[in-house]
Amino acid sequence: MREISKQFDFKKRESEIYASWEAGGFFNPDNSKSSKKYCNVLPPPNANGELHLGHACGYTVMDIFGRYERMNGKKVLLLPGKDHAGIQTQVVYEKKIKAERGISRHDLGREKFYQESYAFCTDRSNYMRSQEKKIGISADWSREKFTLDPDTLKIAMETFVKMYRDGLVYKGERIINWCPRCATALSDVEVIHHEKEGKMYYIKYPIKDSKEFLVVATTRPETMLGDTAVAVNPKDKRFLGFIGQTLILPLQDREISVIADRRIDMEFGTGAVKITPAHDPLDWKIGKDHKLEELQVINEKAEITEIGGKYAGMDVLAARKQIVADLAELGLLEKEEALTNNISICERCKTAIEPLISKQWFVNVDGEKYSFKKETLALIKSGKVDIYPENFKKILINWISNLEDWCISRQIWWGPQFPVWYRGEEVYVGLEAPKGKNPASAAKASTDKKATAGEWIQDENTFDTWFSSSQWPYTALGYPKGKDYRNFYPTDMMITGRDLLFFWAARMLMLGAYRTGQTPFKHLYFTGLVLDKDGQKFSKSKGNGVDPMETIEKFGADALRLSLVMDIAPGQDTRLSEEKVESFRNFVTKLWNIFRYCEQSDANFGLVEKISKKDLKTLSDRWIVCELEETVGKVTQFMKDKNISLAQDTLRKFTWDSFAAWYVEIHKIEKNTKVLGYVLDRILKMWHPFTPFVTEEIYQIMNKGTLGVLGHPVSKVLMVAAWPKSEKKFVDREFKKDFRDLVNLITMIRNLKSSYRIDPAQILEVYCEGKIEKDIIEKLARVSITQGVAFNKRKMIKLSTPRRALFLDIAKSVDIAKELENAQKEIAELEGLVGKNEGMLKNKNFVAGAPATVIEATKTRIVEYKNRLKVKKELVKDLGRL
RNA sequence: GGGCGAUUAGCUCAAUGGCUAGAGCACCUCGUUUACACCGAGGGGGUUAUAGGUUCGAGUCCUAUAUCGCCCACCA
């Protein structure tokens, strides 16, 4: 017999097992002969840091489904990759060179900075890959992609060229979100709004040739330098006489007029709004409609421009302070009021956003030739993509319905540059830099103007990361001719965090539908955020970060996996604490010890794939197999429904509460090694997607396996073993009932001992008239049963369940009054239940309306209650006699 | 302002409209029955946020209300 340690040595074995899976080629779908396929192109994490718990959670879910499908005989591709993560990586790398070398990206220059960033990403990717492997994800690393890999990138760039030709991208001047620190434009979703205590300033604008003023309210007085109008609502009676009048803009001494616009809220501020078309999105729209001049008074470094006169060169906050002081001195500041208002900050670096007018590339989301809005909505509503949780569908539909043009150009250095070249007034859009004189032959994209002499110069802008990553499902698979694309697209599953709903998920649907004409995935599954035990987001600044690698080191990957997906609903946030991981580590140990018992119980013990009814010798055999087959059925259904949590819960209950707590205990008394081996075999298979390491280890030991050695029979590797099918022929409710009766009898004795403080180890003498599971009850309830002899029933109390009874001679130590009270309390409860259920059956509406199974269950229940009632009433009689 | 979600045991969370609402952790009592003290036996703990409604039947569906959270939005 082998010596097996008390705990699974996860520290040593997890990495070894992973390496042998890899060496065995089990992650590579090319090694599967199956014609059924399953594909999940894994979301590429940003290649600039390390794995956090959110990644670990996502990967676990992806791997659970991947392993489940593989065990169901499918050719499974989990395709890993990394994202270059434009702005974020640039921010991270700039910080790094600042800290380590005291330099900025400008000291390196664009080309050098790009090269170093690339090397940095490669380095981080290597590190992150090692972390991903520790979580146990069964991804095919031979196919790993990076968003900047030439072949992958080429496909994404082709999409841009196609969009250009279809009139779905344009370069235009619009007001955009500008991050002064990152020095780039941002899309709307990259801006975070949050409330902040601020001030509202009421400023008097003198009316020309009058001593009157019009008072405007603003939170950003510095923008007044660029005011080109004041607007009021045409319905606002207070200002009727002012419309069309001329005001003198303080500090600038410029004449501006009062205009009327319905978009002005009469309730807010004073009802009169200063209009700065160059620095506010609404003002920009109003300015366009009223043909107002756009004066840029704030530059891209968030400083006042020359137009700002004496304030030129000051940063906006300094300028604000000075302007307020100057206005006060001029007597033009009516008042200041405290106010909480929304401020906009950069998602990546948290710097305040400046709205600026800028020439940028935009996606036209509602073009004439193709409407991203309409097509994506149609796709979502078509039901071709299932969304978990379902209510996220509504959120998606709502977001897409209100979509505005998407700014995709960034002024950062890190990322793919636009495939656009200029020569004088000429514009060329194509994958390769134009050569020679006539670029129009490659793509008919030039403007009508004549080519001028000179070099072609590439557009300096880089792409919004999400433009390329939103194409990931088909770029990573090699659209349109790649073997993987043809085999696996549309993919089956996409799993991502709910925080990426708009950034990524919505846009994958948009671009996937546009480029491939299909949904990029059939199922879209959202995970919630992983929060700390106090419900706070993990963040470096809060210092509450939990490194998944440390957790794995301490508790094992299997335990971490379980704790990240147990008790979790899709899209719902979850809290993770060390205690939680610890409790799942305990479960892994339990699983291990069940195995350990099996190993030691019999020298001939082995896993058993198939049994027949003849192999079931005893009640407990029939019961455990019945429970097992029901569990297989339920777990399989939950997996099909993508309900991981319930699948795991069902499995855990069976494993711990049924198998370990009862069957294994009984097995010590009446051995049936074959059944034990059968149950363990199926448990291992069902647990495998959740806890791949410990289950594979047990399976290998049992099969004397040498996993990973070439030529080893694949059937002896758990990760490619077949997922069990529920054998309905073993399911029989009678066994369940009968066994429960036995359990109840044992529990009753344990209860009695506990409530009378009888040493649990003390063997009670009991008597029995007929047949009973003598050995089991004696061992598990710690009693000694004398069968079939005459004994004086009158002096004993009867411990009985509907099917079994024992007589116990402890009348002296039993508190009869208390027992009576308990029994009567129970009788009252049972009578109540019988009454309630009988009432249901008497109700014609219930009988007419409820399904037959429910009515049947109700009837069975009544019989059960009545049986128990009978037993209790007998007990009361007995107690009364004693 | 709009939308979404949450509210269930001390804590963290489950529960396809149908069995006496369940787990884990924590708590109390007891236990060295050799698989497991990372365990076992027993126990306490609930007006399912509130108020109505639909239904034979509601934690679950509907309508309000309250509290908390998230997302979106051009209130300067």
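Atom set for the values below is all heavy atoms of this structure, side chains included, hydrogens, waters and symmetry mates excluded.
Remark: aromatic rings of Trp687(A) and Phe654(A) are distant, center separation not under 6.0 Å.
Following rounding to the nearest Å, Lys6(A) (NZ) and rC39(B) (P) show an atom-to-atom distance of 12 Å.
Using a 4.0 Å cut-off, some side-chain N or O of Arg575(A) falls inside it from OP1 or OP2 of rU12(B). Dashed line: the shortest gap from a side-chain N or O of His193(A) to OP1 or OP2 of rA73(B) is under 4.0 Å. The phosphate of rA35(B) (OP1 or OP2) has no side-chain N or O of Trp656(A) nearer than 4.0 angstrom. An OP1 or OP2 oxygen of rU20(B) is reached within less than 4.0 angstrom by a side-chain nitrogen or oxygen of Tyr865(A). Distances shown here put every side-chain N or O of Asn643(A) at or beyond 4.0 Å from the OP1 or OP2 atom of rU16(B).
Taking atom C1' in both rG57(B) and rG53(B), one finds a spacing of 15 Å when rounded to whole Å.
Across rA41(B), rA35(B), rC4(B), the shortest atom-to-atom separation from the side chain of Ala660(A) is found for rA35(B). Side-chain proximity of Thr747(A) to the nucleotides rA35(B), rG42(B), rC56(B) is greatest for rG42(B). Side chain of Lys590(A), nearest nucleotide from rG18(B), rC74(B), rC36(B): rC36(B). The side chain of Arg782(A) approaches rU33(B) more closely than any other nucleotide in the set rU16(B), rU33(B), rC56(B). Nearest to the side-chain atoms of Gln7(A) among the listed nucleotides rG42(B), rA76(B), rC38(B) stands rC38(B).
The nucleotide rG46(B) finds no pairing partner, because no Watson-Crick or G-U wobble arrangement with both distances shorter than 3.5 Å includes it. Base pairing of rG31(B): its partner is rC39(B), meeting the Watson-Crick or G-U wobble criterion (both donor-acceptor distances under 3.5 Å). Across every strand in view, rG5(B) sits in a pair with rC68(B) that passes the Watson-Crick or G-U test at under 3.5 angstrom.
Within 6.0 Å of atom CD in Glu390(A), 12 or fewer heavy atoms from other residues, nucleotides or ligands are found, so the atom counts as exposed in its surroundings.
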Does the side chain to side chain donor-acceptor pair (under 3.5 Å) test come out yes or no for Glu190(A) and Ser187(A), once each step is laid out?
CA-CA 5 Å; Glu190(A) 287 162 301; Ser187(A) 67; 2.8 Å; yes

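Rounding to the nearest 0.5 Å places CG of Asp558(A) at 10.5 Å from OG1 of Thr589(A).
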